[in-house]
Structures are given as structure tokens and as C-alpha cells.
There are 2 protein chains.
Amino acid sequence: MDSTESREEYLEAVFKLECGPGGATITRIARELGVQPASVSQMITRLVDSGLLHRDSARGQIGLTDEGRTQAVRVVRRHRLSERFLTDYLGLPWDTVHEEACRLEHALSDAAEESLARRLGHPATCPHGHPIPYEVPVADCGVPSHLADARAGESWSVAFLADESPEFLRYAASCGLAPGVLLVVVDVAPFDGPMTFVIESTRYQIGREAARRVAVTR
Amino acid sequence: MDSTESREEYLEAVFKLECGPGGATITRIARELGVQPASVSQMITRLVDSGLLHRDSARGQIGLTDEGRTQAVRVVRRHRLSERFLTDYLGLPWDTVHEEACRLEHALSDAAEESLARRLGHPATCPHGHPIPYEVPVADCGVPSHLADARAGESWSVAFLADESPEFLRYAASCGLAPGVLLVVVDVAPFDGPMTFVIESTRYQIGREAARRVAVTR
DNA sequence: TGTCGTTGTTAGGTGTTCCTAACAAACTGG
DNA sequence: CCAGTTTGTTAGGAACACCTAACAACGACA
């Protein structure tokens, strides 16, 4: 069962998309990985042949098999642990660690992963708020709410930032948005317009597109 | 100037062999990397075309250009820093960290390397005794002596272990051999026979083949 | 109903890195 | 000097992961 970096990237992408709205499809995976749909189509075929993925003929959904999920979870855990390591131990800025973790996640051995988790105190989430899975989740497919769907008067807590690009993360930070932060929605402009909210008595305003990339919980 | 993992491996191999006895040749590089000479021949051509290596027509020696040396040193530094990190911070055994460092060395960014060096206190050597270069060495090609060449009555200090396989490192440790250890050669059997030496008043005996993999200084 | 846009597949091709096999060139020992 | 080993090269091919281009299948909507 040879597991190259590329194959791991695909499993990770499916894992992340599977639980989101719309699930994992060829086009979505292609967008996530920055490759052409044709390449994804081909690779998915190979991963299905290896028994790591299955095609849900209904709606063209791609899903993980048990074996695939086990491998995907391991990669995701290493990715998020690596991000924690980069911010907490090395002191690197949170908006830049994603890319580097994408490389580290393929380089860590079982033993290193275990020691790293212990040294970091088994952190529950990555710096962007995504949970670090310590075992294969049975079905954590609770689709999180997005800030974009909130209504005026509601109060929410930021769960995680769904876009990990440095540009977005910097923008989010400048708006007071970080995992765990409590906010109260003050105003939601119509026609997909900007949202106004308050964090620690400071007012912020962001566009709906950005708000769609902020996952929140009650 | 695209620098893939494979190209970095080749540069690293040339760097390590260049300063050893016999220098870097196609066959030696092939042995170091565990690939066929034909593959090396081909890759060297490409690296020469990229301006990272040059062929010394005399004796078929392969050498690094300034640009190649800069890149090679960076990879070597990351490799050895990674090994230190794995042993000192994660507490992994010294005989197993080499392989993992071979992957980490390609995954670290400039910023991560710098932070890592600082957090580890700018260690001078890797756990096996090889120096960690913090800048491009001008010409550190002092060929080290090997324990195999020592004579009875001489005393030497272990510089580094030239073979980083877990099997050899475990064997070396069981013979008291580690970087910095002082030993006195008691007996050298003829016909490439075993050597007897004393470390902290304990007698050890190893074969000449193993002794060739132990670099020593006065 | 027909047309358009989205989605996925297939075919064919590229670059990278490895392989084996065959060969050339150079050193080595009798 | 010649046979045999060592050393390096070339040719041809395979696997992997990507690409573009062309096409098929499907839903949405006038």
C-alpha cells in the first residue's frame, strides 16, 4: 500500500470536503488542490482501485473508505500538530504556517508525531481553530454554521477560519476574528451585503464573502 | 532554479563525499543514494546544466559550484538541525533519526530553520558528531582520520560516526563509541584484523570494517 | 423543447526520476 | 601486452503526476 505525498494530499482534501456543504466532488477537490479536474478524475480512479476511496454513484460524491479515513485522519492530525508546533514552539506567525505544515505532514513518522503531541500538550485545535483528531472520528459531520448566515442580534463564537491563506488570515485578525472569540452580530446588510458585529465592544464590518469563510458555533 | 527533493539529495551527497577520501564520483554517489550509476550519470548532467555542479575532467571527480555549495550547505544544515531537534526536543533515539531527517530537510522553510536553530541553542554538531554549518564553509576539506588507521598506543577522540544506519549506530553505542568520547588503542590485529581499545577503563574490540566508519581526531 | 453551462471522462502528451542492458574507456595484474 | 575488472555512458523504457483538448452527460431555464 504505497502512500506518496500526492495520494496523501488527495485523501486530506476529501476528508476536509466530505464534511463541508456539498461534500467532496471532482471539481471541489481540484479547486482545493489547485490542479485540473482531469488530473483529479484520474487520481481518484487510482485511489478507488487502492481501496482508499469510493465513488457514491449518486451525485458523483467521493467518500473515504475505512482504510482511507484512517490514513486521511493521520495526515490531518500531522498537519494541524505541525501548525501548532510552528506557532507555539518556533513562534512563526499563524498566517504563514499552513503552507509549511503541508510539507511537514508528509515528513513526520509515527514516533515523531506522538512525541510532538506530547511535547505540545496534546492541543485540541490548530492555530486556526480546526480540531486535531487523536483518533478516527466516527461521524463528526456536523456542518458548522458560517458567520455569513448569522442574523442581527445573534451572538456566536468563532470556531475556525475555513480559508487558511495568509491574505485571509491577516484580514481576519485585523477584524478581531480568531478561534474562540465571541461576537455579537449588529447588522446584516441585504443583497449579500456587509455584516457588522461587535467583539469586546469594538465594531467591525466585513463583506459577506469573507464571512462565508468564518465558521461559528453558538 | 527549481530545486526538487531529488536534486537536493544529490547536492547533499556530493557535499558529503567531496571532503572524504576519493571525493565524489558517479559510483560513490550512486552507493550513497542507493540508486544505479546510470541514473546518477543522467542527473549529474542535469545539475551541471543548472550550474550547480561541475565535472572535473581529471579523474571523473564531481564538484559543487558556488551556487551548488550554497544550496548543499543549506540542506545539510537542515538535516543536522532536524536530527538535533528529533533527539533533543522529541527525545527520539539517536540511531533512528537520520532517516526522518532526510525527509524533514526538504520540508523546512528559511524562517523555520532559523527559529529551530535558535530554540535548540545553535548546536555545533548533529547527534552523530557531524558539524552543523551555519555559513558556507570556505574549504573545510580536512580529511579526518579513521579509527581503522590508528595504531596501538595512540589515543584519539571520536569525531563522528560516518555510517548513520540504525544497525551501525546501535553497534557503535554498544562499544562505547559516541562523538567526543576519548579512547586509547590497545591492540591492532594484523591482516585487517580487529582493533582493541579502551574507553573509560573499559576494553572494547571491533572489526576493521566497523572501525573504518568511525572518524577520529587527536 | 432546445440550448447553455456545469461536471466529469477519455485520449494523448510532458517532465521528472528511476530502471536495465549494452557498450566504451580506462586502469590492473600476470 | 593482453585479459579482466572497474567506471561511466547511452539507449530505451516504466511509473507517477500533472497538463490540454475534446467530448459526453446532465440539470436549469427561457
Side-chain angles (χ1 to χ4, degrees), chain A residues 1-14 17-18 20-63 68 71-72 75 99 102-103 105-107, chain B residues 1-14 17-18 20-63 68 71-72 75 99 102-103 105-107:
Chain A
M1 198 70 59
D2 61 335
S3 158
T4 65
E5 299 196 3
S6 222
R7 291 161 81 94
E8 290 184 349
E9 295 281 359
Y10 277 84
L11 293 180
E12 194 183 7
V14 173
L17 291 171
E18 220 185 23
T25 63
I26 298 285
T27 343
R28 250 177 259 268
I29 298 169
R31 233 191 309 270
E32 174 82 18
L33 296 178
V35 299
Q36 294 300 312
S39 309
V40 176
S41 195
Q42 200 182 8
M43 181 64 109
I44 297 303
T45 304
R46 265 180 281 161
L47 291 171
V48 168
D49 289 349
S50 302
L52 299 171
L53 295 180
H54 62 83
R55 306 182 109 105
D56 215 338
S57 42
R59 279 254 161 282
Q61 293 283 310
I62 314 284
Q71 291 196 20
V75 176
E99 192 195 333
C102 281
R103 296 194 305 274
E105 69 193 6
H106 309 293
Chain B
M1 199 69 60
D2 61 334
S3 156
T4 65
E5 298 195 5
S6 221
R7 292 162 79 94
E8 290 185 349
E9 295 280 0
Y10 277 84
L11 293 180
E12 194 184 7
V14 172
L17 292 170
E18 220 185 23
T25 64
I26 299 284
T27 347
R28 249 177 259 268
I29 298 169
R31 232 190 311 269
E32 174 82 19
L33 296 178
V35 299
Q36 294 301 311
S39 309
V40 177
S41 193
Q42 201 182 7
M43 180 63 109
I44 297 302
T45 304
R46 266 179 281 160
L47 290 172
V48 168
D49 289 348
S50 303
L52 299 171
L53 296 180
H54 62 84
R55 306 182 108 104
D56 215 341
S57 44
R59 289 274 157 283
Q61 292 285 309
I62 314 284
Q71 290 195 21
V75 176
E99 192 195 333
C102 281
R103 296 194 305 274
E105 69 194 5
H106 308 293

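Predicted model only: the values in this text are computed from it and were never measured.
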Side-chain donor-acceptor pair under 3.5 Å between B/H106 and B/E5, yes or no?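 Their side chains do not contain a donor-acceptor pair, so the 3.5 Å distance test is not met.
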
Indicate whether OP1 or OP2 belonging to [N] is found under 4.0 Å from a side-chain N or O atom of [X].
X     : N      : result
B/Y10 : C/dC18 : yes
B/S39 : C/dC19 : yes
B/S6  : C/dT16 : no
B/S41 : D/dG8  : no
B/R46 : C/dC18 : no

Let me know the distance between [atom1] of [X] and [atom2] of [N], rounded to the nearest Å.
X     : N      : atom1 : atom2 : value
A/D49 : D/dC16 : CG    : C1'   : 15 Å
B/I29 : C/dT17 : CD1   : P     : 15 Å
A/Q42 : C/dT10 : CD    : C1'   : 10 Å
B/I26 : C/dC23 : CD1   : P     : 21 Å
B/L33 : C/dT17 : CG    : P     : 12 Å
B/I62 : D/dT7  : CD1   : C1'   : 12 Å
A/M43 : D/dA15 : CE    : P     : 15 Å
B/R55 : C/dA25 : CZ    : P     : 16 Å

Roughly how far, to the nearest 0.5 Å, is CD of A/E32 from OH of A/Y10?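 These two atoms lie 11.5 Å from each other.
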
Shortest non-hydrogen contact between [X] and [Y], atoms and distance:
X     : Y     : value
A/V14 : A/I29 : CG2-CD1, 3.8 Å
B/L53 : B/I62 : CD1-CG2, 3.9 Å
B/V48 : B/R55 : CG2-CG, 4.0 Å

Which is true for A/T25 with a 4.0 Å heavy-atom rule: it touches a base, it touches only sugar-phosphate, or it touches nothing?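 Counting heavy atoms under 4.0 Å across all strands, the contact made by A/T25 is with sugar-phosphate only.
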
